**Student:** 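Sharing a structure here in structure tokens format.
Order of listing sets the numbers, starting from 1, for every ligand and every atom in it. Given the structure is predicted, the values throughout are model-derived calculations rather than measurements.
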Amino acid sequence: MKLFSSVNDISDLKGSVEQALIQKADPFANQSLGKNKTLGLVFLNPSLRTRLSTQKAALNLGMNVMVMNLDKEGWALETEDGVVMNGTTVEHIREAAAVMGQYCDILGFRSFPKLQDREEDYSEGLFNKFVKFSGVPVISLESATLHPLQSFADLITIEENKRTAKPKVVLTWAPHVKSLPQAVPNSFSEWMCRAQAEGMLDFVITHPEGLELAEKFTPGAKIEYDQDSALQGADFVYAKNWSSYRDYGKTVQGAESWMITHKKLEQTKVAKVMHCLPVRRDFELSAEVLDGPHSLVIKEAANRVWSAQTILKNMLEGLK
Ligand code: CP
């Protein structure tokens with residue numbers, strides 16, 4: 001594997017989950033694989049889980065790890081091609097990525113969307129430039145439109161906690177105070193749609209009208225605008241806010257009733273509740289649910305190590 005930016009980079013979905021659970025059962029079995037190999041983690045945005053879980057995964061595999069907050073610790077970065085750099089930017093992504101590729105065997109890159117120009121964000125221009133100019137295998141640590149390490153961990157968590165062969169999984173929009181990217185719900189939907197196509201689960205998305213995700217990430221998903229109907233018989237409820245794809249970057253205000261509470265979960269099949277974190281308690285997800293027996297959020301975050309370790313192991317095996 002040379003690139004991990006989407007579920008489409010995984011050829012065997014069920015096999016990958018099995019591989020992750022093998023890593024989890026015996027984390028240090030492949031310590032020699034990463035000896036004298038270096039992982040570079042490059043962030044243009046904040047992170048807690050992605051940074052620490054991917055570092056831990058690399059250390060479990062015997063790798064060296066370097067982390068750089070490029071937005072704060074690097075030179076002011078130019079990302080556009082063809083500009084005369086006579087302004088405030090100091091270093092072009094072409095050279096920055098190429099140089100980091102000289103120091104690292106594998107790179108991870110995080111860059112959020114600006115949420116101003118949909119075409120620009122959905123072209124994944126910056127992430128693709130980083131991949132092209134670094135010249136080494138790259139893992140997405142969350143791009144403008146997708147967060148595959150998170151979604152892989154989410155699928156692992158569902159497989160571990162399901163009580164029926166084909167659970168009903170509901171992605172529900174949740175309130176928030178600001179506009180958030182669509183990367184997590186796009187990615188979760190992409191992974192769940194693939195899992196549904198492979199007979200692993202049934203997938204429903206519920207949100208206020210106008211907040212439809214890009215269709216290319218929702219093939220086969222059932223869209224249900226009524227949250228109560230969507231929650232009927234659910235085994236897993238995945239709560240997440242996102243801003244509008246159609247009216248790009250705009251969010252819905254006054255929709256606080258969409259927050260998942262114990263009362264709402266009475267309609268489900270004693271559903272387990274998931275969220276990628278960080279979460280706004282009692283606004284995005286109720287504290288009673290987060291602190292109660294329905295919550296899987298900590299187990300889900302823990303599984304980020306095994307999604308990262310599975311991808312890193314695969315990439316290390318492909319290095320010459
Ligand atoms: N869920 C997630 O990616 O968390 P961080 O943004 O803290 O890495």
**Student:** So with a 6.0 Å cut-off around OH of Y225, is the heavy-atom count from everything else above 12?
**Tutor:** yes

**Student:** Any N or O on T50 sitting closer than 3.5 Å to an N or O of ligand 1?
**Tutor:** yes

**Student:** Quick one: nearest non-hydrogen protein atom to atom 4 (O) of ligand 1, plus distance?
**Tutor:** R49 NE, 2.9 Å

**Student:** Which one holds for L277 and ligand 1: side chain close, backbone close, both close, or neither close, with close meaning a heavy atom under 4.0 Å?
**Tutor:** backbone

**Student:** Quick test: of every protein heavy atom, which one is nearest to atom 6 (O) of ligand 1, and how far off is it to 0.1 Å?
**Tutor:** R110 NH1, 2.9 Å

**Student:** Could you tell me, atom by atom, which parts of ligand 1 come under 4.0 Å of a heavy atom of R304?
**Tutor:** 1 (N), 2 (C), 3 (O)

**Student:** Would you check the N or O atoms of R51, main chain and side chain alike, for any that come under 3.5 Å of an N or O of ligand 1?
**Tutor:** no

**Student:** May I ask you to decide if T145's main-chain N or O and N186's side chain share a donor-acceptor pair within less than 3.5 Å?
**Tutor:** yes

**Student:** Examine the side chains of T310 and Q19 and answer whether a donor and an acceptor come within less than 3.5 Å of each other.
**Tutor:** no

**Student:** Applying salt bridge (Lys or Arg N to Asp or Glu O under 4.0 Å) between E160 and each of K272, K24, K299, report the one that passes.
**Tutor:** K24

**Student:** Using a strict 4.0 Å cut-off to heavy atoms of H147, name the atoms of ligand 1 that fall inside it.
**Tutor:** 2 (C), 3 (O)

**Student:** Please confirm whether the backbone N or O of D71 pairs with a side-chain atom of N69, one donor and one acceptor, at under 3.5 Å?
**Tutor:** no

**Student:** Please list, in number order, the atoms of ligand 1 under 4.0 Å from a heavy atom of L48.
**Tutor:** 5 (P), 7 (O), 8 (O)

**Student:** Would one find more than 12 heavy atoms of other residues, nucleotides or ligands at under 6.0 Å from atom NZ of K222?
**Tutor:** no

